[in-house]
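Here's the structure we're looking at; comments come further down.
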Amino acid sequence: MPLLFWLLVWECAALWAGRRSLLEAWTAWRQAGDAAGLLRCLWEGQTFVLPAPPRVAQELLALAGTAYFWRTAAISLCRVFAGAAIGVAAGAALAAGTAAARWARLLFAPAVKVVRAAPVASFIILVLLWAERNWVPVIIAALMVLPVVWGNVAQGVDATDGGLLELSRAYGFSRWRRVRLVYVPSVLPYFAAACRTSLGLAWKAGVAAEVLCLPRLAIGTQVSNAKTYLDTPGLFAWTLTVLLLSFALERVLGGLLGRLERGRGGSDCAGDP
């Protein structure tokens, strides 16, 4: 129902953008019974400014019928996923390091804050000077994910129950056992939330990097081409592709993280021999 509501809002906005053509088509239908122009307005909206949902769906289906579309989408998906994975791994490792040594937190915290606060476009241009263009989206996605994961995991480490830590020391737990039974259950919800949040950031940053650095096969390159050639339906279709891939990846990742959290809870309840 919410999706239907927003599609209706989109259709109404498209009709309002093309209200002059719609009024002419309405007049032609009333006077001469010509419904073709009216149906075309309802189907396309104002194609140049705001195409209607049916017109965008038509464009997306036309693109989906080509092998080039799937190859482009798959390569962009791999770039974003690789960047997100690198950012998650680097952020978790950095959080573990800064939690173990106070000097490491004092040393790396300013750099992470700079990465978090600096404009994405500035990083894209700088990385484009240093790296091959096909790697720029991967690096940018990783840079956007790293601060989120680092902040959440560090917060989870700080929130670990001190009583449980004292109890683990009293029972003589090894460092690995303390990490596995005390720190991991405390950090896991924060880590899962960071992964869910950072995935959307990785998509935005990765596609933005593709728009600026223009790799040969990339969704961002197609978005830039659509803008250059004033292909508004194509622009909407490629943007919709990004949204659909992002939702699908988020759904898969959410399911995996949910299973991980439930599995971890079950293993904790079962105890440690």
Side-chain angles (χ1 to χ4, degrees), residues 68-98 108-156 187-188 190-225 238-258 260:
Y68 182 81
F69 170 83
W70 294 105
R71 203 159 54 242
T72 300
I75 291 176
S76 285
L77 178 63
C78 289
R79 287 195 187 102
V80 170
F81 186 77
I86 293 170
V88 168
L94 186 62
T98 55
F108 287 106
V112 175
K113 290 179 180 178
V114 168
V115 173
R116 179 181 292 168
V120 179
S122 299
F123 274 118
I124 294 172
I125 295 171
L126 286 173
V127 174
L128 185 57
L129 295 175
W130 301 331
E132 201 271 329
R133 66 176 58 203
N134 286 322
W135 284 99
V136 173
V138 178
I139 297 171
I140 293 300
L143 284 174
M144 295 302 105
V145 168
L146 188 151
V148 177
V149 176
W150 174 76
N152 274 40
V153 173
Q155 185 179 358
V187 169
L188 191 56
Y190 294 87
F191 175 76
C195 289
R196 294 186 180 99
T197 302
S198 60
L199 186 60
L201 293 176
W203 266 110
K204 291 178 183 178
V207 174
E210 290 178 345
V211 170
L212 289 180
C213 69
L214 302 176
R216 191 174 67 84
L217 288 174
I219 292 177
T221 302
Q222 299 305 315
V223 169
S224 179
N225 291 340
W238 283 107
T239 304
L240 186 58
T241 301
V242 174
L243 293 176
L244 293 175
L245 288 174
S246 179
F247 291 155
L249 193 58
E250 186 175 344
R251 186 70 175 263
V252 172
L253 181 64
L256 291 176
L257 289 172
L260 178 63

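Numbers for residues simply follow the sequence, beginning at 1.
The minimum heavy-atom distance linking P137 with G206 is given by the pair CB-O, 3.7 Å. Heavy-atom minimum distance, A92 versus V149: N-CG1, 3.6 Å. Across every non-hydrogen atom of A209 and V136, the tightest pair is CB-CG1, 4.1 Å. Annotation for A84 and A141: closest pair N-CB, 4.3 Å, computed over non-hydrogen atoms. Contact detail for A95 and A154: the closest heavy-atom pair is CB-N, 3.9 Å. Considering all non-hydrogen atoms of both residues, A205 and V120 come closest at CB-CG1, 4.3 Å.
Residues satisfying the side chain to side chain donor-acceptor pair (under 3.5 Å) test with S76, not counting sequence neighbours, are E210. Here S224 pairs with nothing under the side chain to side chain donor-acceptor pair (under 3.5 Å) rule; sequence neighbours left out.
L199 contributes atom CG, which lies 11.0 Å from atom NZ of K204 (distance to the nearest 0.5 angstrom). Within the model, atoms OG1 of T239 and CG of L244 stand 11.0 Å from one another, a figure rounded to the nearest 0.5 Å. Atom-to-atom distance recorded for T72:OG1 and R216:CZ is 8.5 Å, nearest 0.5 angstrom. Between the CH2 atom of W203 and the CG atom of L245 there is a distance of 4.5 Å, given to the nearest 0.5 Å.
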Set out, in order, the CA-CA distance, both residues' side-chain angles and the distance that settles side chain to side chain contact (heavy atoms under 4.5 Å, CB included) for V127 and W135, then state yes or no.
CA-CA 9 Å; V127 174; W135 284 99; over 6 Å; no

request  = Start with the C-alpha gap between L128 and L212, add the side-chain angles, then the distance that decides, and say whether side chain to side chain contact (heavy atoms under 4.5 Å, CB included) holds.
outcome  = CA-CA 9 Å; L128 185 57; L212 289 180; 5.8 Å; no

Problem set entry | Audit row: V148, L201, side chain to side chain contact (heavy atoms under 4.5 Å, CB included) steps and yes/no | CA-CA 9 Å; V148 177; L201 293 176; 3.6 Å; yes

- Query: When you look at F123 and I139, which way does the side chain to side chain contact (heavy atoms under 4.5 Å, CB included) test go after all the steps?
  - Reply: CA-CA 9 Å; F123 274 118; I139 297 171; over 6 Å; no

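Between R196 and L253, the closest side-chain pair of non-hydrogen atoms is not below 4.5 Å. The side-chain heavy atoms of T221 and P215, taken from C-beta on, include a pair separated by under 4.5 Å. A heavy-atom distance below 4.5 Å is found between the side chains of V88 and F191. The shortest distance between side-chain heavy atoms of L146 and V115 does not fall below 4.5 Å.
Between F69 and W238, a ring centre-to-centre spacing shorter than 6.0 Å is recorded.
Side-chain atoms of S246 do not come within 3.5 Å of backbone N or O of V242 as any donor-acceptor pair.
In this model, a donor atom of one side chain and an acceptor atom of the other lie less than 3.5 Å apart for R79 and N134.
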